[in-house]
Amino acid sequence: QVRLVESGGDLVQSGGSLRLSCAATGSILSFKTMGWYRQAPGKQRELVARIINGGTTNYADSVKGRFTISRDNAKNTLYLQMNSLQPEDTAVYYCNINGVFRGHPYTGDYWGQGTQVTVSS
């Protein structure tokens, strides 16, 4: 079974930095999108950043210039570097991979369990 394991969430002061990691248990053969989403209390889940097949990246306007999404293909791991964090960034962050894993013949949409990021002022 494919599992995505997130880590790196923490309590940090305003202006600080965190790096989130999302490690897949299987080997990614191909993908359509890989991304990070977040959900604050009482809010809808929103796209934070994503990588589209071919290398194009998209960022929410609220995080442009502060967050950077990247991946390590050899390690089957997705990252989100978050700088200049603000209290409004407080949320549960989820990783998502839409793609094909070794041993699975079909494209799947996979989600992690989420990791809490809390930014204090």
[X] versus [Y], closest heavy-atom pair with distance:
| X | Y | value |
| --- | --- | --- |
| Val92 | Gly114 | CG1-CA, 3.8 Å |
| Glu6 | Gln113 | OE1-N, 3.0 Å |
| Thr77 | Ser21 | CG2-CB, 4.5 Å |
| Ala24 | Phe101 | CB-CE2, 3.6 Å |
| Ser17 | Asn83 | OG-OD1, 2.9 Å |
| Gly112 | Tyr94 | O-CD2, 3.7 Å |

Contact check, side chains of Thr68 and Tyr79, non-hydrogen atoms, under 4.5 Å: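 SC-SC contact between Thr68 and Tyr79 ruled out.
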Is there side-chain contact between Arg38 and Thr90, with heavy atoms separated by less than 4.5 Å?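 They are not in side-chain contact.
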Roughly how far apart are [X] [atom1] and [Y] [atom2], rounded to 0.5 Å?
| X | Y | atom1 | atom2 | value |
| --- | --- | --- | --- | --- |
| Gln81 | Leu18 | CD | CG | 8.5 Å |
| Ser7 | Arg19 | OG | CZ | 8.5 Å |
| Asp109 | Thr33 | CG | OG1 | 7.0 Å |
| Asn96 | Leu4 | CG | CG | 8.0 Å |
| Leu80 | Tyr37 | CG | OH | 13.0 Å |
| Arg66 | Leu85 | CZ | CG | 6.5 Å |

If you apply the rule side chain to side chain contact (heavy atoms under 4.5 Å, CB included), what do you find for Arg71 with Ile28, and how did you get there? CA-CA 11 Å; Arg71 59 188 273 259; Ile28 304 169; 5.8 Å; no
Among Val63, Leu78, Ile51, Leu47, find the residue that satisfies the side chain to side chain contact (heavy atoms under 4.5 Å, CB included) test when tested with Trp36.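 That would be Leu78; it is the only one of Val63, Leu78, Ile51, Leu47 passing the side chain to side chain contact (heavy atoms under 4.5 Å, CB included) with Trp36.
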Met82 and side chain to side chain contact (heavy atoms under 4.5 Å, CB included): which single residue from Val119, Asp89, Leu20 fits?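 Single pass found, and it is Leu20.
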Answer yes or no: does atom CZ of Arg3 have more than 12 heavy-atom neighbours from other residues, nucleotides or ligands under 6.0 Å?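 Check fails, neighbour count at 12 or below.
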Answer yes or no: is there a donor N or O on one side and an acceptor on the other, between the side chain of Tyr59 and the main chain of Gly65, under 3.5 Å?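 Not confirmed, Tyr59 side chain does not pair with Gly65 backbone.
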Examine Val48 and Trp111 and state if one hydrophobic cluster contains both, with Ile, Leu, Val, Met, Phe, Trp and Tyr joined whenever side-chain heavy atoms are less than 4.5 Å apart.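 Not linked; separate clusters.
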side-chain contact (heavy atoms from CB on, under 4.5 Å) partners of Thr107, counting only residues at least two apart: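 Listed in chain order: Lys32, Asn98, Val100.
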